[in-house]
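Residue numbers count from 1 along this sequence. These numbers come from the heavy atoms of this one structure, side chains and all, not from hydrogens, waters or symmetry mates.
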Amino acid sequence: EFQEVCRRLKEWEPFWIMEWIADMRKTAPVSSQSAGETARRAVQLDMVMKDSRNPRAMTSYMRIPPSSWGECKPQVENGETRFLLMALPDPKLLKKKKRADGHLWPQGTFVQLIYDGKTRKPLRISQRKQQSHNAKEWKGLSKILDLTEYVKESFNHIKLDIICHDEDPFYFVAGFFRKHLDKEVHESLVAGSSKERIQHLSREEATKKALGFAKTKMLCLGDSDGDDDEEEEA
């Protein structure tokens with residue numbers, strides 16, 4: 001499952017390049033009856049921020065300057081590393097609801113940061129909202145959560161408690177990702193390797209190809225005027 005989630009992130013989140021995954025887990029049904037209909041699935045992520053035993057994890061951590069931890073940054077520069085939280089639907093859900101792959105919060109998600117072993121801090125996320133006229137309909141933006149502004153440089157061990165109203169399973173991924181701006185993505189697709197590069201056509205080639213495609217979809221109906229004339233002469 002871990003390898004498949006990494007593959008999906010690499011393929012469908014082109015603006016964030018994965019450097020290191022701190023933790024990844026799948027939501028499980030809530031067993032407590034006291035939660036009622038509010039929380040249906042939950043998961044907890046457990047992460048050591050400064051793992052000296054893991055050189056790759058430490059390298060990713062060190063790419064974020066100490067002054068950037070605990071800082072709200074609306075505009076992230078190209079090549080800058082941030083500590084993010086994403087959610088991916090179960091692959092079966094994509095086929096069931098014909099939904100595009102990529103980050104999507106489960107319906108009614110609540111995220112809480114735990115640090116110092118006991119301090120709890122609810123985090124605000126931009127997610128779909130339940131519609132007042134239809135309780136089964138959820139609409140709105142679903143933005144990736146930048147945890148860098150909530151995690152301070154002094155935090156070594158943190159946890160994320162996550163509950164959601166959604167009955168469907170989701171994968172939650174927390175890790176270090178490097179920003180890849182639109183221009184960089186465009187250049188990699190236009191001037192990248194032969195395997196990744198988008199085929200480039202001239203105006204004449206594109207027009208010829210479009211006309212050829214149109215001909216294969218064209219339906220010709222016979223003209224009945226000639227038959228009418230023959231009937232009148234008879």
Side-chain angles (χ1 to χ4, degrees), residues 1-29 40-47 49 51 54 56-57 59-61 63-64 76 78-111 123 125-128 138-148 151 158-190 192-199:
E1 291 184 344
F2 179 80
Q3 296 298 330
E4 176 61 17
V5 169
C6 291
R7 183 198 65 79
R8 291 170 62 190
L9 288 173
K10 183 178 180 180
E11 183 173 357
W12 298 108
E13 291 295 342
F15 302 119
W16 289 103
I17 297 177
M18 180 178 59
E19 293 186 348
W20 177 254
I21 300 300
D23 198 7
M24 186 274 288
R25 298 176 190 268
K26 187 177 183 179
T27 57
R40 296 177 177 177
R41 299 186 74 89
V43 68
Q44 185 184 77
L45 303 186
D46 193 336
M47 295 158 285
M49 299 304 297
D51 190 356
N54 193 321
R56 187 176 175 185
T59 299
S60 298
Y61 180 87
R63 286 198 177 105
I64 301 179
V76 180
N78 185 41
E80 188 174 352
T81 299
R82 303 291 285 183
F83 187 54
L84 308 178
L85 176 67
M86 303 182 186
L88 289 177
D90 187 273
K92 296 179 181 178
L93 178 62
L94 300 178
K95 297 179 181 179
K96 177 182 176 182
K97 298 188 176 182
K98 297 182 179 179
R99 178 175 286 161
D101 204 352
H103 165 73
L104 179 71
W105 295 119
Q107 295 173 357
T109 300
F110 176 83
V111 181
L123 305 183
I125 65 173
S126 179
Q127 62 177 320
R128 296 172 293 167
W138 297 70
K139 292 183 178 181
L141 297 176
S142 188
K143 295 183 179 180
I144 294 171
L145 177 62
D146 189 350
L147 292 169
T148 318
V151 178
I158 66 170
K159 294 181 180 180
L160 291 172
D161 275 346
I162 304 169
I163 59 174
C164 49
H165 182 72
D166 210 314
E167 294 179 339
D168 295 311
F170 277 72
Y171 293 93
F172 278 88
V173 183
F176 296 91
F177 293 81
R178 178 162 47 88
K179 184 67 175 180
H180 198 44
L181 294 183
D182 302 13
K183 183 180 179 181
E184 300 293 329
V185 174
H186 175 267
E187 290 180 355
S188 67
L189 293 175
V190 175
S193 63
S194 58
K195 183 180 180 181
E196 300 175 346
R197 186 172 59 244
I198 295 177
Q199 183 182 6

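The two residues K179 and N78 come nearest to each other via the heavy atoms O-OD1, 3.3 Å. Minimum interatomic distance between A87 and F172 (heavy atoms only, all atoms of both residues): CB-CE2, 3.9 Å.
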For this session: Take L85 and I162 through the side-chain contact (heavy atoms from CB on, under 4.5 Å) test and state the conclusion after the steps.
Result: CA-CA 11 Å; L85 176 67; I162 304 169; 4.3 Å; yes
Exercise. Checking side-chain contact (heavy atoms from CB on, under 4.5 Å) for the pair W20/N54: CA distance, chi angles, key distance, verdict?
Worked result: CA-CA 11 Å; W20 177 254; N54 193 321; 3.1 Å; yes
For this session: Could you go through the side-chain contact (heavy atoms from CB on, under 4.5 Å) check for F177 and E13 one step at a time?
Result: CA-CA 10 Å; F177 293 81; E13 291 295 342; over 6 Å; no
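Residues Y171 and P91 form a side-chain contact, since some pair of their non-hydrogen atoms from C-beta on lies under 4.5 Å apart. Looking only at side-chain heavy atoms (C-beta outward), D101 and E11 stay at 4.5 Å or farther from each other. Using a 4.5 Å heavy-atom cutoff, the side chains of H180 and P14 are not in contact. Residues M24 and F2 meet the side-chain proximity criterion, which asks for heavy atoms closer than 4.5 Å. When side chains are defined from C-beta on, W16 counts as touching V76, because their heavy atoms get closer than 4.5 Å.
Taking CE of M86 as the start and CE of M18 as the end, the distance is 9.5 Å to the nearest 0.5 Å. Here the CG atom belonging to L123 is positioned 11.0 Å from the CG atom belonging to D146, to the nearest 0.5 angstrom. One finds the CG atom of L145 at 8.0 Å from the NE2 atom of H103 (value rounded to the nearest 0.5 Å). Atom OG1 of T148 and atom CD of E80 lie 8.5 Å apart (nearest 0.5 Å). Annotation: the span from I144 atom CD1 to F15 atom CZ amounts to 10.5 Å, rounded to 0.5 Å. Separation of atoms CG (L104) and CG (L88) is listed at 9.0 Å; rounding is to 0.5 Å.
The backbone N or O of T109 lies less than 3.5 Å from a partner atom in the side chain of Q127, making a donor-acceptor pair. Judged purely by atom type and a 3.5 angstrom limit, D23 has no side-chain atom pairing as donor or acceptor with the backbone of A174. Between the side chain of W105 and the backbone N or O of K143, at least one donor-acceptor pair lies under 3.5 Å. Side-chain atoms of R128 do not come within 3.5 Å of backbone N or O of S142 as any donor-acceptor pair. Between the side chain of T27 and the main chain of V43, no donor-acceptor pair closer than 3.5 Å is present. Using modelled atom types, one side-chain atom of R56 and one backbone atom of E19 make a donor-acceptor pair closer than 3.5 Å.
One finds no salt bridge joining D161 and K159 here, because no Lys/Arg side-chain nitrogen approaches an Asp/Glu carboxylate oxygen to under 4.0 Å. With respect to D90 and K26, a salt bridge is recorded, a charged nitrogen being found less than 4.0 Å from a carboxylate O. A salt bridge links R40 to E167: at least one charged side-chain nitrogen sits closer than 4.0 Å to a carboxylate oxygen.
Aromatic ring orientation, F176 versus Y61: perpendicular (interplanar angle above 60°, classes split at 30° and 60°).
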